[in-house]
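In what follows, a structure is listed as structure tokens, so that the remarks can point back to it.
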Amino acid sequence: MTTKRTFLEYKIDGKAQEEHRLPVETLLDSLNGFKDSIYEAHKVLHGNDAELPEINVVAFKPGSFETILEVANHVVSELDTLQVLGFAVIPAVADGVVRSVVQALRHIKGRAFDIVNNRDGTFTISVDGQEPIVTNKAIAVSLKNPKIRNGIESLFADPVSGEGTDTVSLSLFDPINQQAVDTVEPVIVTPDETETFQSN
């Protein structure tokens, strides 16, 4: 079986992190949120009996407060858990289709939403006062899953809501060149998006 290894840089940045320190509770909650959202999305995509990805903290980098995470996925499938969540996404194609949970959350912005299963196999997400958006089954099911939503909240919304934190980001990382991969769009969350990433 092939193992696909993906490295991600998780960074919490702002005045509160100038001395490269972070309360242990914040880091543990964030890492648990990362783990929970990936494990639960993996089960949604591949079934409860599928072997879960390995998640490792690889190294701590100097800087604001950064850590490198490694996800070793043992399932070979077109449905990539990290891409469905939006944690390692190639820039969106302008075809009107939402391609990740993060994209969908940014459209919903913390409001109530409905999901309709269309006859053609696509799913429509409707929010009052917004144009409906179209997505696929993997994203629609993941979006409705409370464990995935709680994990995303712990990873992004909770840290960025702390005083003195300007951004929380998750970027695809190249371990050989020791830098973020600039061809893949990072997830960058600011305090004004706290409600967007809350699970309500």
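On a predicted model such as this, the values are computed, not experimentally measured, just so you know.
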S126-D114 side chain donor-acceptor pair, cut-off 3.5 Å: no
Flag if over 12 foreign heavy atoms under 6.0 Å of NZ, K147: no
Salt bridge (Lys or Arg N to Asp or Glu O under 4.0 Å) evaluation trace for K4 with D80: CA-CA 10 Å; K4 177 184 176 186; D80 184 286; 2.6 Å; yes
Shared hydrophobic cluster for V116 and V134 (ILVMFWY, side-chain gaps under 4.5 Å): no
ring-ring contact (aromatic ring centres under 6.0 Å, His included) pairs, two or more places apart, involving residues 108-154: none
Report all side-chain donor-acceptor pairs from residues 161-173 shorter than 3.5 Å, counting only partners two or more places apart or in another chain.
residue : atom : partner : partner atom : Å
S161    : OG   : A157    : O            : 3.3
S161    : OG   : D158    : O            : 2.8
T165    : OG1  : Q17     : NE2          : 3.0

Residues which pass side chain to side chain donor-acceptor pair (under 3.5 Å) with N177, listed by chain and number, not counting sequence neighbours: D174
Those residues that, when tested against D120, pass side chain to side chain donor-acceptor pair (under 3.5 Å) (two or more places apart): T122
Working for side-chain contact (heavy atoms from CB on, under 4.5 Å), residues T3 and N73: CA-CA 6 Å; T3 299; N73 195 348; over 6 Å; no
Donor-acceptor pair between S154 and D29 side chains, under 3.5 angstrom: no
Pairs meeting criterion ring-ring contact (aromatic ring centres under 6.0 Å, His included) with involvement of residues 181-200, two or more places apart: F156-F197
Shortest non-hydrogen contact between V44 and S142, atoms and distance: CG1-OG, 4.1 Å
Step-by-step side-chain contact (heavy atoms from CB on, under 4.5 Å) determination, V58 to F7: CA-CA 9 Å; V58 176; F7 294 85; 3.8 Å; yes
Pairs flagged by salt bridge (Lys or Arg N to Asp or Glu O under 4.0 Å) wherever residues 191-200 is involved - sequence neighbours left out: R106-E193
